[in-house]
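By convention in this document, chain letters (A, B, ...) are assigned in the order of the sequence lines, proteins followed by strands, and residues within each chain are numbered from 1.
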Amino acid sequence: MTDINAFASQDDVLGTVGAWRAEGRKVAIATVVKTWGSSPRPVGSRLVVDGDGAMVGSVSGGCIEGAVIKQAFEVMADGKPRLLDFGVSDEQAWDVGLACGGKVEVWVERLED
Amino acid sequence: MKAALFETLQAARSAKRPAALVTALSDGAQALVFHDRVDGDLPEELVLAARTRLRDNAGGVLEHGDVRYFVDCHNPPLRIIVVGAVHISQTLVPMAAIAGYEVIVIDPRASFATTDRFPNVRLLDDWPDEAMTTLAPDSRTAVVTLTHDPKLDDPALEVALKSDAFYIACLGSRRTHARRLDRLRDAGFDDAALDRIHGPAGLAIGAVSPAEIALSILAELTAVLHAAPAASRAA
């Protein structure tokens with residue numbers, strides 16, 4: 001029989017933060033704080049990243065995760081939280097953004113010791 | 001986020017205590033707002049605003065002076081109370097868990113409510129009205145009765161109809177449902193109360209198998225939760 005808790009825990013991103021912290025890993029937390037238009041993940045959605053780039057959760061349909069992870073490494077390094085802004089992507093210019101036409105603001109912070 | 005604040009937030013979440021995490025989107029200063037106390041420094045006006053947002057489960061950005069604050073609501077998970085540890089429940093329970101619900105199954109019949117049939121779920125073998133009264137359904141709770149047995153379904157429904165449960169549904173044919181409504185009317189419930197019951201349970205997607213019926217119930221419940229067009233039933 002399937003362990004239903006295994007499914008439920010996939011959504012418990014903060015639970016992952018706790019587990020990673022217990023293992024002594026560095027952790028950055030990215031949170032969607034505002035959305036405009038048809039952004040794929042609602043306010044409060046989270047992506048957490050550890051020092052090796054392991055990630056759990058999401059802040060978009062996958063379009064901006066790469067850029068968020070890059071910033072997460074910066075935040076883990078200097079400890080300064082950042083507010084990131086992602087608009088509509090321009091495919092011609094290879095911009096990072098949301099192909100769906102939405103806009104999001106993502107807050108990235110480090111879990112302090 | 002400071003480790004101590006994170007620990008407090010996690011403790012609140014596991015104790016199913018509502019908490020709003022408020023972050024200044026300038027320097028990242030944070031506070032945790034509970035109904036009865038605040039951990040951290042926050043202007044009174046923002047504490048009140050955060051509590052309102054927590055009650056409405058509506059996170060978002062607030063402005064105060066020159067600073068923008070993000071309010072992140074951590075309310076206990078939505079619950080589904082399933083009355084009847086029957087075959088459909090065996091698929092409804094894991095599906096609802098995947099969708100993020102806390103699931104509780106009520107069935108006083110020992111041969112139905114076994115951990116073999118329902119691993120990793122809270123099983124209550126009390127009589128449904130007692131179990132329901134203990135669980136005290138609120139506006140973040142759905143109640144689904146699946147036993148087909150009036151002795152079990154009706155007492156649970158009577159408690160559900162007196163609660164703020166956001167979704168109440170009953171399995172059973174239209175004929176069974178009509179008889180159920182007659183019994184509840186005799187028990188003193190008016191049309192406005194009875195109109196809250198979704199019966200037969202689930203969206204009309206032609207569901208046949210237990211898994212399909214579970215899917216249709218979960219779909220209808222989702223539509224009601226978000227007040228989506230599919231939630232309005234045909235008369």
Side-chain angles (χ1 to χ4, degrees), chain A residues 1-36 39 41-46 48-49 57 59 71-72 75-76 78-85 103-113, chain B residues 1-14 19-30 53 57-63 67-75 77-78 90-103 105 114-122 226:
Chain A
M1 185 73 194
T2 317
D3 179 355
I4 56 166
N5 289 332
F7 289 113
S9 67
Q10 287 177 5
D11 243 18
D12 184 15
V13 177
L14 288 180
T16 300
V17 171
W20 286 357
R21 185 173 118 74
E23 291 170 16
R25 299 203 229 174
K26 282 187 186 174
V27 187
I29 306 165
T31 310
V32 174
V33 299
K34 193 158 183 179
T35 68
W36 292 263
S39 53
R41 298 284 285 130
V43 165
S45 301
R46 282 198 171 82
V48 294
V49 185
V59 288
Q71 291 291 321
V75 172
M76 279 188 269
D78 68 15
K80 290 193 192 109
R82 289 160 172 75
L83 185 62
L84 312 177
D85 215 335
K103 273 171 63 183
V104 290
E105 268 183 353
V106 178
W107 176 254
V108 187
E109 65 194 317
R110 181 172 81 173
L111 185 69
E112 304 294 339
D113 297 327
Chain B
M1 188 187 297
K2 294 207 168 68
L5 191 89
F6 174 74
E7 297 291 341
T8 309
L9 174 60
Q10 286 298 81
R13 291 174 72 232
S14 68
L21 173 65
V22 184
T23 306
L25 299 178
S26 48
D27 59 0
Q30 286 171 321
R53 288 193 168 246
N57 197 41
V61 174
L62 293 173
E63 292 185 17
V67 182
R68 295 169 74 220
Y69 290 84
F70 173 56
V71 181
D72 190 19
C73 298
H74 294 269
N75 275 304
L78 293 159
Q90 284 178 283
T91 48
L92 179 60
V93 167
M95 281 185 192
I98 292 171
Y101 290 86
E102 178 190 1
V103 189
V105 177
T114 67
T115 48
D116 277 352
R117 285 160 53 85
F118 294 90
N120 303 310
V121 67
R122 189 169 162 203
H226 297 301

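At least one side-chain heavy atom of B/Arg117 sits less than 4.5 Å from a side-chain heavy atom of B/Thr114. A heavy-atom distance below 4.5 Å is found between the side chains of B/Phe6 and A/Val17. Between A/Val48 and A/Trp20 the shortest side-chain heavy-atom distance falls below 4.5 Å. Using a 4.5 Å cut-off on side-chain heavy atoms (C-beta onward), B/Gln30 and B/Val22 make no contact. Contact of the A/Leu84 side chain with the A/Trp107 side chain is not registered, since no non-hydrogen atoms from C-beta on lie closer than 4.5 Å.
Looking at B/Leu21, only its side chain comes within 4.5 Å of chain A, counting heavy atoms on both sides. Looking at B/Ser14, neither its backbone nor its side chain comes within 4.5 Å of chain A, counting heavy atoms on both sides. With a threshold of 4.5 angstrom between heavy atoms, B/Glu102 does not approach chain A through any atom at all. The contact between B/Ala24 and chain A is made entirely by backbone atoms, counting heavy-atom distances below 4.5 Å. Within the 4.5 angstrom heavy-atom criterion, no atom of A/Arg82 approaches chain B.
In this structure, the separation between NZ on A/Lys26 and CZ on A/Arg21 is 15.5 Å, given to the nearest 0.5 Å. Rounded to the nearest 0.5 Å, atoms CG (B/Leu78) and OH (B/Tyr101) are 5.0 Å apart. Remark: A/Met76 CE to A/Leu111 CG distance equals 11.0 Å, nearest 0.5 Å. Atoms CZ and CD, from B/Phe118 and B/Gln90 in turn, are 4.5 Å apart once rounded to the nearest 0.5 Å.
In terms of heavy-atom pairs under 4.5 Å with chain B, the best-connected choice from A/Arg110, A/Arg46, A/Glu105 is A/Arg46. Heavy-atom pairs under 4.5 Å with chain A were tallied for B/Arg68, B/Met1, B/Glu7; the largest tally goes to B/Met1.
For residues 27-35 of chain A, a heavy-atom distance under 4.5 Å to chain B picks out A/Ile29, A/Thr31, A/Val32, A/Val33, A/Lys34, given by residue number.
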